[in-house]
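Worksheet for the structure shown next.
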Amino acid sequence: MDVFEAIQKRKSARSFESKPISNETLEKLLEAARLSPSAKNIQPWHFIVVTDPEKRKALSKGMFAKFLKDTPVVIALCGNEKASPEWYVVDVALAGENMVIAATAEGLGTCWVGSFEEADVKQLLEVPDNLRVVALLAVGYSVEKMNLTAKLNHLIRPRKRLDEIVSWEKYGNKHESSKGASKVAEV
Ligand SMILES: Cc1cc2nc3c(=O)[nH]c(=O)nc-3n(C[C@H](O)[C@H](O)[C@H](O)COP(=O)(O)O)c2cc1C
């Protein structure tokens, strides 16, 4: 699968088979994270891989995180705020997205989860004070089933069109190609 195909194919997955993920595959995802860019190459990240069912249950307390208890692997994406105060969130998010795309190419489903109490997660996973928990990433072999959250999210807010989110040369300039020609046109 090429990268663009993986990007197109990726959809948040919230129902998973109980099939475990091999260590080799997990390491590939973690390697994808390790190779991602970071401001000044500080690499202010740490990834905690959680498979223990009790811990996953504890991580699923958030209103939009209930499915984590039935997700084979949850990865806590942590960032070192002291090491890179300005950029740790960006760096950790980039590493997380690298993982997401690599996972898609490996035939896995993922879901980025922001629904958690950071203090609870830190206590549960014994995360040191200098690290922040940026996100939880659900990973597993997805069951092709769109749950209610996904249906609602896609119905209420479908993907914006490219011409709604792109300007050329300055804000508001639309590319003529979106009107069938190739010049930059002012709107
Ligand atoms: C920062 C962030 C936080 C999110 N938090 C949650 C969450 O807590 N629970 C959940 O089910 N999905 C969560 N999502 C997934 C989004 O709902 C999902 O990406 C969006 O609806 C678009 O759907 P798609 O990923 O299938 O394209 C989150 C995504 C992002 C980027």
Side-chain angles (χ1 to χ4, degrees), residues 1-18 21 29 32-33 36-39 44-51 53 55-81 84 86-125 127 131-166:
M1 187 183 304
D2 75 23
V3 174
F4 192 69
E5 209 180 325
I7 290 167
Q8 275 184 318
K9 210 168 167 212
R10 185 216 61 81
K11 292 270 173 299
S12 291
R14 298 176 181 89
S15 309
F16 300 96
E17 295 173 18
S18 53
I21 305 170
L29 308 194
S36 66
S38 63
W45 42 56
H46 193 92
F47 311 105
I48 305 177
V49 181
V50 183
T51 58
K55 285 195 172 136
R56 287 190 283 107
K57 192 172 166 200
L59 291 174
S60 71
K61 281 194 201 137
M63 169 127 58
F64 302 103
K66 303 294 176 209
F67 62 96
L68 293 183
K69 70 176 189 326
D70 301 314
T71 299
V73 175
V74 180
I75 305 178
L77 310 179
C78 304
N80 191 325
E81 192 175 17
S84 188
E86 241 185 305
W87 298 111
Y88 79 96
V89 176
V90 173
D91 292 342
V92 171
L94 287 169
E97 182 64 2
N98 257 17
M99 250 194 244
V100 164
I101 299 304
T104 311
E106 289 297 310
L108 288 158
T110 57
C111 187
W112 194 279
V113 173
S115 179
F116 61 87
E117 277 298 329
E118 187 183 13
D120 294 349
V121 174
K122 285 188 76 161
Q123 192 181 23
L124 179 78
L125 304 180
V127 177
L131 294 186
R132 301 287 308 270
V133 183
V134 174
L136 300 175
L137 188 66
V139 190
Y141 292 96
S142 150
V143 175
E144 292 286 331
K145 180 173 119 189
M146 232 197 190
N147 78 358
L148 199 61
T149 311
K151 273 187 193 144
L152 278 176
N153 282 340
H154 286 257
L155 203 71
I156 300 167
R157 246 172 267 115
R159 276 296 193 281
K160 293 178 181 174
R161 296 185 318 273
L162 212 48
D163 66 338
E164 289 181 272
I165 58 169
V166 180

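Both ligands and their constituent atoms are indexed starting at 1 by order of listing.
F67 counts as a contact of ligand 1, since one of its heavy atoms falls under 4.0 Å from the ligand.
Counting atoms of ligand 1 from 1 in the listed order, those under 4.0 Å from a heavy atom of V113 are 5 (N), 6 (C), 7 (C), 8 (O). Every atom of ligand 1 is numbered from 1 in the order shown, and the set under 4.0 Å from a heavy atom of S12 is 15 (C), 18 (C), 19 (O), 24 (P), 25 (O), 26 (O). Taking every non-hydrogen atom of R159 and a distance limit under 4.0 Å, the qualifying atoms of ligand 1 come out as 22 (C), 27 (O).
With a 4.0 Å heavy-atom cut-off, ligand 1 is reached by the side chain of N153 but not by its N, CA, C or O. Within the 4.0 Å heavy-atom criterion, neither part of A135 lies near ligand 1. Counting heavy atoms under 4.0 Å from ligand 1, residue M63 does not touch it at all.
For atom 23 (O) of ligand 1, the candidate residues are R14, R157, H154; the nearest heavy-atom contact is made by H154.
For E117 and K61, the salt-bridge test fails: no basic side-chain N is under 4.0 Å from an acidic carboxylate O.
Counting only distance, with no hydrogens or angles, the side chain of K69 and the backbone of A58 share no donor-acceptor pair below 3.5 Å.
Looking at heavy atoms from C-beta onward, E106 lies out of side-chain contact with I21 at the 4.5 angstrom threshold.
With values rounded to the nearest 0.5 angstrom, D91 atom CG is found 10.5 Å from E86 atom CD. The CD atom of E97 sits 6.5 Å away from the CZ atom of R10 when rounded to the nearest 0.5 Å. The CG atom of L152 lies 7.0 Å from the CG atom of L155; values are rounded to the nearest 0.5 Å.
At under 3.5 Å, not a single nitrogen or oxygen of A65, backbone or side chain, sits near a nitrogen or oxygen of ligand 1. In terms of polar-atom proximity, F64 is counted as a contact of ligand 1, with an N or O under 3.5 Å from an N or O of the ligand. For the pair K11 and ligand 1, the shortest N or O to N or O distance does not fall below 3.5 Å.
Heavy-atom minimum distance, L68 versus R56: O-CB, 3.6 Å.
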